[in-house]
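Shown next, in structure tokens, is the structure this report addresses.
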Amino acid sequence: MPDPRRPLVSGNWKMHLTHFDAIRLVQQLSYALTKDDYAAVDVAVHPPFTALRSVQTVLDADDIPIGLGAQHCHWETSGAFTGEVSPAMLAKLDVRYVIVGHSERRALFGQTDEDVARTARAVKAAGMVPLVCVGETLEEREAGRTEERVTSQARAALEGMSAEEVGALVLAYEPVWAIGTGRNATAEDASSVCGVLRGLVGELAGADAAASVRIQYGGSVKPSNAAELLGAPDVDGALVGGASLEADDFGRIVRAAV
Ligand code: PGA
């Protein structure tokens, strides 16, 4: 169990890097990060499926304290689901975190709120930490529906979890309009939506869960804006896409959380 609210900075590598490139990046990352960084921040990387085993081997062999993450999985343990990977398969590779409900999975691959809830429960049951993403589109933001949208996504995702399970997971507030666009939410907006999510966790699962659930911000986090975003109240870390593919940039983002 992580200490309550230790910052978590996660690199979502998306559909980038062969397993060779992934090995190189995780090695560069291990040179960029120091003992002091690891002492203050939980760091994780989420390579594509094809690179998980290679990255795990490097982390293990060199004793690098970076958590291994996956980007997606199915909710069943095994079966006729061509193309899918199960939580049990990931757990066996020492995967610690699984991103669930990333907006790209929702928008491009039809993942529903119900799928997200089922997957989050299955990830938890397999002994890993679901990193559940929620976020509004630009239209929803402009229509003043941000709060309604993220709370309905989070409410659906937490359905059927015990208070303890809710307290141990990670939520990521990722406004869809900020992902990969270079346009980040202001620290004020990120903090206010993360605060709304924490309030919802309190309402659904109690004060202890609200105090311990970690809420990341994601969407165009870069070295230049990381300190402000990560320093904002109720923001417990970052889910980083593009900037996590450069070891130096990712290292600087991790250090902004120290
Ligand atoms: P970005 O992606 O940092 O490239 O905006 C974030 C994410 O999709 O998790």
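Start at 1 and go down the list; that is how both ligands and their atoms are numbered. Computed from a predicted model, the values in this text were never measured in an experiment.
- Where the criterion is an N or O separation shorter than 3.5 Å, residue side chain and backbone included, Gly242 meets it with respect to ligand 1.
- Atoms of ligand 1 found under 4.0 Å from any heavy atom of Ala178 (numbered from 1 in listed order, with element): 5 (O).
- Sorted by first then second residue, the ring pair (Phe, Tyr, Trp, His ring centres under 6.0 Å) pairs that include residues 24-73, not counting sequence neighbours, number zero.
- Close contacts of ligand 1 with Gly180, meaning ligand atoms under 4.0 Å from a residue heavy atom, involve 1 (P), 4 (O), 5 (O).
- A donor and an acceptor atom, one from each side chain of Glu136 and Trp177, are located under 3.5 Å apart.
- For Glu203 and Arg155, the salt-bridge test passes: some basic side-chain N is under 4.0 Å from an acidic carboxylate O.
- Closest to atom 3 (O) of ligand 1 by heavy atom, among Gly218, Gly241, Ser103, is Gly241.
- Distances shorter than 4.0 angstrom do not occur between any heavy atom of Gly182 and any atom of ligand 1.
- Of the charged side-chain nitrogens involved, none lies within less than 4.0 Å of a carboxylate oxygen, so that Arg214 and Asp234 do not count as a salt-bridged pair.
- Atoms of ligand 1 found under 4.0 Å from any heavy atom of His102, numbered from 1 in the order shown, are 7 (C), 8 (O), 9 (O).
- When Asp249, Asp248, Asp37, Asp36 are each tested for a salt bridge (charged side-chain N to carboxylate O under 4.0 Å, His left out) with Arg255, only one passes: Asp37.
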Show me the donor-acceptor pairs, under 3.5 Å and distance only, between side chains in residues 16-26 and residues at least two apart or in other chains.
residue	atom	partner	partner atom	Å
Thr18	OG1	Phe20	N	3.3
Thr18	OG1	Asp21	N	3.2
Thr18	OG1	Asp21	OD2	3.2
Asp21	OD2	Thr18	N	3.4

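- Proximity of Asn12 to ligand 1, defined as any heavy-atom pair under 4.0 Å, is confined to the side chain (atoms from C-beta onward).
- Per-residue contacts place Gly219 under 4.0 angstrom from the following atoms of ligand 1 (heavy atoms of the residue considered): 5 (O).
- At a heavy-atom cutoff of 4.0 Å, ligand 1 is contacted by no atom of Ala243, backbone or side chain.
- For the ligand labelled ligand 1, residue Ser220 lies inside the 4.0 Å heavy-atom shell.
- Residue-to-ligand polar distances place Glu174 within reach of ligand 1: an N/O pair is separated by less than 3.5 Å.
- Within 6.0 Å of CD on Glu246 lie no more than 12 heavy atoms contributed by other residues, nucleotides or ligands.
- Nearest heavy atom pair, residue Lys222 against residue Ala243, reads CA-CB, 4.4 Å.
- Between Lys14 and ligand 1, a contact under 3.5 Å exists for at least one N or O pair.
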